[in-house]
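Shown next, in structure tokens, is the structure this report addresses.
Residue numbering restarts at 1 for every chain, and letters A, B, ... go by the order of the sequence lines. Every value quoted in this text rests on a predicted model; they were computed, and no experiment measured them. What's counted below: heavy atoms across the whole structure, side chains too, no hydrogens, waters or symmetry copies.
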Amino acid sequence: MYKLAAIVGPTAVGKTSTSIKVAQTIDAEIISCDSMQIYKDMNIGTAKASPAEQAVVTHHLIDFVRPDEDFSVAQYQKMTKKLICDLNEKGKTPLLVGGTGLYFQSVVDDYTFFPLESRQKVRDQWNQIIEDKGMDFVYTHLRSVDPVYAAKISANDQKRIVRALEVYELTGESFSSLQKKRENTYNLAVVGLYLERPELYKRIDLRVDQMLRHGLIEEVKTLREKGYDLTLNSMQALGYKQVYNYLEGFLSREQMTEEIKRETRRYAKRQYTWFNKDKRIHWINVQEYPNDDELARKISVYIGRTIN
RNA sequence: GCCUCGGUAGCUCAGCUGGUAGAGCAGCGGACUGAAAAUCCGCGUGUCGGUGGUUCAACUCCGCCCCGAGGCA
């Protein structure tokens, strides 16, 4: 059974710097588990590890997708599984680090994704039908082909309705019947970095101000000049979306800043929700450690004990 | 010093002629299988400034006090 270590937690909790120290002590390479750090030319707003940090420890799955290219969990999972295998064979420990719950889960629980060729075309078609006939019509249709899944989601959840209908149309089988997973595929150790809400929110505010000082607006301006707009998934990223709206004149500078902070807080809350239900996660309160080195040592010891 | 207006949720405020209070924002909880930093669902969290009084019953009416804003001196 392959070894797999992981560090998860909400945004701004300190995963990046901690993981680099941990990776050095346990001889690991880092596999990013972040749906936005995959994009090239989006560095400041996604809080990627700096080139200097990446020089210390090898980082995978960062910076390899253009912002106007499509990407998906399935691709992420496939690449990550391969990396976990390769690193283990090489005698290195793979250290999965990030805050994207779905990506994490898809790897750790080995979600089954089924082969599907086209997608955007079918999605566009259903989105068009929703525009013409309304959500109710489409939701009712979903209920007739996949009542189980329809009952699980909201009649307002357009993305999930469209996805379920897309799968049904392409496979002839209901989405709910195709969702499979397999737990316990790895010799696993997961650490969750935790901070009390007030402290985390303080760090979020601080970091947003820092990003703006370090040129987030310039970064978005450059992306915008390349023709990237809000229809792209990449540009829906926290910070990018708001700065874009600021550049378009829809938000004042202050509104933009406040909105980024608020949305980031909400995101952090959703991340806690996601990770809290995973009982395999060993939570560590960052504030209980005097410095990063102590914290990293504690984590390294936990990982060493758990997966060896 | 006098007069006026105001003091209700974390914030901004609503509450008719008395029946122990409700909106927006913020916040909190949850869901999540090829868009996931996306998307969606749910929840008022309150010594109604304080204190005495009238009343079966006071956020609501009356007295006094405290705090804030404005006006007159």
Side-chain angles (χ1 to χ4, degrees), chain A residues 10-12 32-39 42 45-48 65 67-79 98-120 122-124 126-127 130 135 139 146 148-167 170-171 173-183 197-198 201 204 207-208 211 216 230-244 255 258-278:
Chain A
T11 186
S32 168
C33 184
D34 186 298
S35 65
M36 292 299 158
Q37 292 187 1
I38 60 169
Y39 294 112
M42 294 174 63
T46 61
K48 271 177 206 164
V65 181
D68 59 344
E69 282 178 305
D70 282 334
F71 192 71
S72 70
V73 213
Q75 290 172 67
Y76 175 80
Q77 186 212 37
K78 192 175 169 193
M79 298 174 88
T100 302
L102 178 65
Y103 284 18
F104 173 74
Q105 212 82 35
S106 76
V107 170
V108 163
D109 288 336
D110 198 23
Y111 280 0
T112 297
F113 295 113
F114 18 90
L116 282 183
E117 286 304 311
S118 76
R119 343 174 258 148
Q120 204 51 52
V122 185
R123 283 184 193 180
D124 290 346
W126 281 108
N127 281 318
I130 286 172
M135 292 276 281
Y139 182 69
D146 189 352
V148 177
Y149 193 64
K152 264 181 72 177
I153 63 173
S154 157
N156 298 322
D157 201 336
Q158 181 162 346
K159 287 193 178 184
R160 289 197 172 78
I161 293 171
V162 168
R163 171 64 187 153
L165 289 171
E166 177 198 7
V167 169
L170 293 173
T171 66
E173 291 183 68
S174 69
F175 190 41
S176 55
S177 71
L178 292 170
Q179 293 181 355
K180 296 204 176 66
K181 65 177 173 179
R182 191 167 58 101
E183 292 175 32
R197 255 7 125 70
Y201 289 178
I204 286 173
R207 197 168 73 163
V208 170
M211 285 174 174
L216 178 59
L230 294 182
T231 61
L232 298 171
N233 295 320
S234 57
M235 293 297 280
Q236 292 292 321
L238 281 167
Y240 293 86
K241 182 179 172 182
Q242 290 79 11
V243 172
Y244 190 94
Q255 285 173 323
E258 285 314 303
E259 199 174 298
I260 295 173
K261 290 176 180 175
R262 189 185 66 221
E263 291 307 319
T264 306
R265 285 195 287 271
R266 289 175 171 169
Y267 173 52
K269 195 165 73 63
R270 274 179 269 133
Q271 289 177 301
Y272 270 136
T273 299
W274 189 288
F275 293 121
N276 273 153
K277 72 177 175 187
D278 192 330

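- Between A/R270 and B/rA31 there is no side-chain polar atom (N or O) within less than 4.0 angstrom of OP1 or OP2.
- Using a 4.0 Å heavy-atom criterion, one finds that A/Q236 contacts the sugar-phosphate atoms exclusively.
- At the heavy-atom level, A/Y76 lies nowhere under 4.0 Å from the strands shown.
- The side chain of A/K269 contributes no N or O atom lying less than 4.0 Å from OP1 or OP2 of B/rG30.
- Using a 4.0 Å heavy-atom criterion, one finds that A/Y240 contacts no nucleic acid atom at all.
- Ring orientation note: the planes of A/Y76 and A/Y103 are close to parallel, at an angle under 30° on the 30°/60° scale.
- Nucleotides B/rC40 and B/rG46 are separated by 30 Å at their C1' atoms, to the nearest Å.
- Using a 4.0 Å heavy-atom cutoff across all strands shown, A/Y149 reaches sugar-phosphate atoms only and no base atom.
- Rounded to whole Å, atom P of B/rC40 lies 17 Å from atom CG of A/L102.
- B/rA14 sits 15 Å from B/rG7 when the C1' atoms are compared, rounded to a whole Å.
- Across all strands shown, A/K180 has heavy atoms under 4.0 Å from base atoms, whether or not it also approaches the sugar-phosphate.
- Closest to the side chain of A/Q179, from the set B/rU33, B/rA35, B/rA36, is B/rU33.
- In the set B/rG29, B/rA36, B/rA26, B/rA36 carries the atom at the smallest distance from any side-chain atom of A/T100.
- Residue-level contact check: A/Y201 touches the backbone only, with heavy atoms under 4.0 Å from sugar-phosphate atoms and none from bases.
- Across all strands shown, A/T112 has heavy atoms under 4.0 Å from base atoms, whether or not it also approaches the sugar-phosphate.
- Between A/M211 and A/F175, the residue anchored nearer the 5' end of RNA chain B, judged by the nucleotide with its closest heavy atom, is A/F175.
- Note on A/R160: every side-chain N or O is 4.0 Å or more away from OP1 and OP2 of B/rC41.
- Close to B/rU33, at under 4.0 Å from its OP1 or OP2, lies no side-chain N or O of A/R163.
- In the set B/rG27, B/rA36, B/rU39, B/rA36 carries the atom at the smallest distance from any side-chain atom of A/Y39.
- Close to B/rU39, at under 4.0 Å from its OP1 or OP2, lies no side-chain N or O of A/N156.
- Taking only side-chain nitrogens and oxygens, A/T273 comes nearer than 4.0 Å to OP1 or OP2 of B/rG30.
- A close approach under 4.0 Å does occur between a side-chain nitrogen or oxygen of A/R265 and OP1 or OP2 of B/rG27.
- Within the 4.0 angstrom heavy-atom criterion, no nucleotide atom of any strand lies near A/D109.
- No contact: A/S106 has no heavy atom under 4.0 Å from any strand.
- A/T46 comes within contact range of at least one nucleobase, with a heavy-atom separation under 4.0 Å.
- A/G239 comes within 4.0 angstrom of no nucleic acid atom, judged by non-hydrogen atoms across all strands.
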